[in-house]
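First the structure, in the form of structure tokens, and then the observations on it.
Start at 1 and go down the list; that is how both ligands and their atoms are numbered. Quick note: residue numbers are just sequence positions, from 1.
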Amino acid sequence: MSAPAITAVRDASHYSTAPARPITIALLGLGRIGSAVARRAREDRASPQPLRVVGALVRDVTMARPGAEEIPRTTDVAELFARRPDVVVEVLGDIEAARTLIRGALERRVPVVTANKALMARHGEELLGLAIRTGTAFRYEASVLAGVPFLGTFSARPLASRVTALSGILNGTTNFVLSQMRDTGAGLVETTLDAQRRGFAEPDPSQDISGNDAAHKLAILAWHFGLGSIAPEAIETIGIDGIDTDDVTAADQFAGVIRPVARIEQSGEGTTAFVGPAFLPRTDRLAQVDGVENALVLETDAGRLFFSGPGAGPIPTATTILDDVIEATRGGQPHAPVNRRGRVPVGPPATSWFLRLTARRLPPGDEIVGFLGSYGIWSHRTLTRGQGIWLLTYPCTRDRVEMALCALSAATPCDGYAIRALVEH
Ligand code: HSE
């Protein structure tokens, strides 16, 4: 008789009949994400141990917290730590307060989980260094591609994470807004309000629209994947607020879409990066990522890897945070990047461009093409509609595009607007 096949080996606690001790959680902040963490912890059925939120640090204990009314609230951090939580979850949003409180927890060797992008972009390496020195778990999986667990996987895979370039859609709100503009013809303000109602946007949605949120996430990815530490301010960052529905239609005519893209690349010439709305051909993997979905393409020496899934929203974010909580109580290891290059200078890349020129009386298209050509900007697609002309160019630098548009509007009154186009030639 053959032995039965072993199909799965589970955690030893799976076989124990003793009731598992709950994992206790202290929340720093009880806003939309904090409340979702509390709700999800209460309702969870899949965790190997029950999850119990023992208290939350808040600014105002009297404020209503829909869905999290039962959570004890305090304004006194010492009182919260006195409850001896197994893990501290930081969901404050604020940078300096979060940094101080996380440092306090790590110094007491209390594991910490955060989803704070702005904090991690600026002080992530410092906090990670403290976590490593004190041997305390410190996890930030929900800070990038909130609903897609991948950072932890790569921390444990030093060979797979030799990344030379990465590009992605790192902000759910702006991808949702641009997708809605294309699918429904609705404008920027209307679709941004919708994103807020659905809980995708930041408390200050200008952080999403301006590209700052995606720049923070790109900076985290840069050091996590060993491309170097980069100040988010050093990354060329353009908002989506210059895009109108005519641009979306023109992109469609060029067999493409406009997406909020972030990219960093390391080559013999140095490191280049940008964040902003970009034209992508429909065939590009990122062009097929719709709505609040986020995606990431990692270019490694072992091939291209593609990840996608929900990038924002209380439930995906809370789920990833709670997985980090469970993980943090297991091994005590912080997420750690596999290699580091220290601070690196970063510049804008040379790419193709998607240009729009509008005027009450535009010169004929071939005159515009000829004028831009005299500045070394050559187009391979043009489209004239109403009072506008759209062009797709061959690669050149931003300086050259800005100089040509400036000269053109001096020669013939018109408004020029340029976004990057990720087109292969
Ligand atoms: N406001 C962010 C977004 C939330 O829309 O992507 C997730 O980081």
Salt bridge (Lys or Arg N to Asp or Glu O under 4.0 Å) between D44 and R40, worked out: CA-CA 6 Å; D44 178 78; R40 196 102 176 119; over 6 Å; no
Stepwise side-chain contact (heavy atoms from CB on, under 4.5 Å) test for L227 and T271: CA-CA 8 Å; L227 292 163; T271 303; 5.7 Å; no
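For the pair A146 and ligand 1, the shortest N or O to N or O distance does not fall below 3.5 Å. Between A201 and ligand 1, not a single N/O pair is under 3.5 Å apart. In terms of polar-atom proximity, N294 is not counted as a contact of ligand 1, lacking any N or O under 3.5 Å from an N or O of the ligand. The N/O atoms of S143, backbone and side chain alike, include none that comes under 3.5 Å of an N/O atom in ligand 1.
Side chain to side chain, D204 and S206 meet the donor-acceptor criterion of an N or O pair below 3.5 Å.
Close contacts between ligand 1 and K117 involve ligand atoms 2 (C), 4 (C), 7 (C), 8 (O) [criterion: under 4.0 Å to a heavy atom]. Atoms of ligand 1 found under 4.0 Å from any heavy atom of D208, numbered from 1 in the order shown, are 1 (N), 2 (C), 3 (C), 5 (O). If you number the atoms of ligand 1 from 1 as listed, the ones under 4.0 Å from a heavy atom of N171 come out as 2 (C), 3 (C), 5 (O), 6 (O). Residue-ligand proximity, K217 to ligand 1, at heavy-atom distances under 4.0 Å covers atoms 2 (C), 3 (C), 6 (O), 7 (C), 8 (O).
For Q207, no heavy-atom contact with ligand 1 is shorter than 4.0 Å. Residue-level proximity to ligand 1 for T173 is carried by backbone and side chain together, each with a heavy atom below 4.0 angstrom.
Closest protein heavy atom to atom 7 (C) of ligand 1: G311 O, 3.4 Å. Ranking the protein heavy atoms by distance from atom 2 (C) of ligand 1 puts E202 OE2, 3.1 Å first. Nearest protein heavy-atom contact of atom 6 (O) of ligand 1 is G172 N, 2.8 Å.
Within the 4.5 Å cutoff, no side-chain heavy atoms of V423 are placed close to those of R381.
Applying the side-chain hydrogen bond (donor to acceptor under 3.5 Å, both in side chains) test to R182 and every residue at least two apart in sequence or in another chain returns D290.
A distance-only check finds a donor-acceptor pair linking the side chain of R109 to the backbone of T134 [under 3.5 Å].
Ring geometry, Y140 versus F138: the interplanar angle falls from 30° to 60°, so the pair is classed tilted.
Going from atom CD1 of I419 over to atom CZ of F274 covers 9.5 Å, rounded to the nearest 0.5 Å. To the nearest 0.5 angstrom, L372 atom CG is 9.0 Å from T393 atom OG1.
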